[in-house]
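A short worksheet on the structure shown next.
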Amino acid sequence: MKKKVLRPFLAIAAFVLTATAAFAQGELKFKSDLHDFGNVEEGVQASYKFEFTNTGKEPVIISNVQASCGCTTPSWTKEPVLPGKTGEIMASFNSTGRPGTFNKTVTVTSNAANPSQVLTLKGNVNPKAAKPAPTAEELKNSPTGVLGKSQYSFGKLEKGQTVSHKFSLMNTGENDLKIEQIQSACMCVTYKLSTPAVKSGETAQLELKYSPRKASQGVESEVVTLITNDLNKPNLVITLQANVVDNLASQSAVKEQKTAVPFK
């Protein structure tokens with residue numbers, strides 16, 4: 001008889017504990033889960049900050065933010081967000097070479113009561129006006145970019161590792177050579193040139209920083225395109241390679257720091 005009375009009591013107690021635990025979770029409340037940029041000129045890096053508040057009872061930790069394409073690069077609040085405190089998800093859309101309407105999503109994964117939430121960016125990219133063809137005189141006086149080498153392998157890298165390598169960039173043309181833009185499918189490469197412009201007959205150092213995509217595993221190859229003001233051959237292409245592993249047994253000489261990586 002005691003067992004029959006005890007079993008329902010235990011079941012009710014378990015339900016109450018489960019319900020209490022769920023109620024005690026954190027909860028992300030976004031001011032808005034959709035942003036419309038309206039019209040954006042091609043070439044603009046359109047950015048928007050999605051702000052949220054933890055309206056729950058426990059701290060919230062965002063474990064991942066996944067963009068729907070490589071043209072959208074998010075960053076987010078990494079530290080635990082305490083009850084009543086605020087945080088943000090910053091999402092940027094690269095409009096270069098993407099005229100027309102766009103609708104991109106960013107999925108936020110956390111330990112909140114709602115563990116997966118979707119944010120949306122939308123808008124329309126106005127195409128650039130076509131430039132007139134350069135004259136023969138302009139082509140003759142154009143700068144000319146020449147890379148010392150066009151590929152580099154970093155060897156083994158840990159996930160989340162950021163590395164860099166320096167390349168030489170020479171200008172064999174007549175006018176100053178400038179880098180106007182950098183493109184890569186992963187959106188995980190940045191550059192720094194040792195001088196704002198490479199003068200005729202001079203050589204500058206070009207540093208590329210590379211952070212493999214979070215989902216990367218095994219041998220990765222990233223094609224990086226540098227767009228210059230060279231009228232004859234504006235695009236300089238560099239290929240970066242790495243063997244991405246979960247962790248390394250010993251510290252690598254090329255390892256700089258453990259950082260969060262942009263999404264693929």
Side-chain angles (χ1 to χ4, degrees), residues 40-47 67 69-73 75 92-99 125 127-135 138-155 157 161-213 216 219-244 254 256-257 259 261-264:
V40 175
E41 297 303 316
E42 185 179 352
V44 169
Q45 187 85 6
S47 299
C69 77
C71 57
T72 307
T73 307
S75 61
S92 298
F93 174 75
N94 184 4
S95 64
T96 302
R98 298 181 175 90
V125 177
K128 280 184 178 179
K131 290 183 179 180
T135 65
E138 288 173 331
L139 291 173
K140 179 182 176 182
N141 294 321
S142 169
T144 303
V146 179
L147 288 165
K149 56 183 176 182
S150 59
Q151 61 181 14
Y152 183 77
S153 175
F154 290 104
L157 297 182
Q161 187 175 341
T162 299
V163 291
S164 66
H165 184 73
K166 292 180 180 178
F167 298 81
S168 62
L169 176 59
M170 178 182 291
N171 178 11
T172 61
E174 297 299 319
N175 287 316
D176 290 357
L177 175 71
K178 297 179 181 179
I179 296 177
E180 298 179 339
Q181 199 174 93
I182 185 171
Q183 293 180 347
S184 64
C186 67
M187 298 289 289
C188 58
V189 181
T190 59
Y191 80 94
K192 182 179 179 182
L193 196 61
S194 60
T195 179
V198 187
K199 296 189 177 298
S200 176
E202 295 186 358
T203 300
Q205 278 193 334
L206 171 70
E207 181 180 12
L208 294 186
K209 281 194 173 183
Y210 171 53
S211 297
R213 291 172 285 189
S216 298
V219 177
E220 292 285 314
S221 182
E222 298 293 348
V223 176
V224 181
T225 302
L226 300 166
I227 302 174
T228 72
N229 63 335
D230 181 344
L231 298 178
N232 294 286
K233 189 180 177 182
N235 295 348
L236 297 173
V237 178
I238 296 175
T239 302
L240 301 177
Q241 294 179 324
N243 183 10
V244 183
V254 296
E256 291 187 354
Q257 58 186 2
T259 58
V261 225
F263 308 66
K264 67 179 183 179

What's the verdict on side chain to side chain contact (heavy atoms under 4.5 Å, CB included) for V40 and F93, showing C-alpha distance, side-chain angles and the deciding distance? CA-CA 10 Å; V40 175; F93 174 75; 6.0 Å; no
Could you walk me through whether L236 and I179 pass side chain to side chain contact (heavy atoms under 4.5 Å, CB included), step by step? CA-CA 10 Å; L236 297 173; I179 296 177; over 6 Å; no
Considering non-hydrogen atoms only, spot the tightest contact between L231 and E138 and give its length. CD1-O, 3.6 Å
Let me confirm one number: the CG-OG1 distance from L169 to T203, rounded to the nearest 0.5 Å. 8.0 Å
Identify the heavy atoms of Q183 and T96 that sit nearest to each other, and give their distance. NE2-CG2, 3.1 Å
Within the 4.5 Å heavy-atom criterion, are N229 and L177 side-chain neighbours or not? yes
How long is the straight-line distance from OG of S221 back to CD of Q241, given to the nearest 0.5 Å? 4.5 Å
Roughly how far, to the nearest 0.5 Å, is CD of E222 from OG of S211? 11.0 Å
Any donor-acceptor pair under 3.5 Å linking the side chain of S95 with the backbone of V44? yes
Going from CG on D230 to CD1 on I227, what distance comes out if it is rounded to the nearest 0.5 angstrom? 12.5 Å
The reported gap from CG in L208 to CG in L226 (rounded to nearest 0.5 angstrom) is 6.5 Å
Verify, without hydrogens or angle tests, whether T239 (side chain) and V223 (backbone) share a donor-acceptor contact under 3.5 angstrom. no
Counting only N and O atoms by type, is there a donor-acceptor contact under 3.5 Å from the side chain of Q205 to the main-chain atoms of K166? no
What pair of heavy atoms forms the shortest contact from E42 to G97, and how long is it? OE2-N, 3.0 Å
Test item: Y210 and V224 side chains (from C-beta on) under 4.5 Å apart, heavy atoms: no
Can any side-chain N or O of N141 pair as donor or acceptor with the backbone N or O of E174 at less than 3.5 Å? no
Here the ring pair (Phe, Tyr, Trp, His ring centres under 6.0 Å) pairs for residues 167-187, sequence neighbours left out, are H165-F167
Residue pairs passing the salt bridge (Lys or Arg N to Asp or Glu O under 4.0 Å) test where at least one lies in residues 175-200, sequence neighbours excluded: D176-K199
Nearest 0.5 Å, what's the OG-CD1 distance between S184 and I238? 11.5 Å
Quick one, L206 and Y191 - any side-chain contact, counting heavy atoms below 4.5 Å? yes
Could you give me the CA-CA distance, side-chain angles and deciding distance for Q161 and F154, then say whether side chain to side chain contact (heavy atoms under 4.5 Å, CB included) is met? CA-CA 11 Å; Q161 187 175 341; F154 290 104; over 6 Å; no
Using modelled atom types only, decide if a donor and an acceptor are shared between the side chain of N171 and the backbone of T144 within a distance under 3.5 Å. yes
Give a yes or no on whether the backbone of V198 and the side-chain of T195 come within a donor-acceptor separation of less than 3.5 Å. no
S200 side chain vs G173 backbone, donor-acceptor pair below 3.5 Å: yes
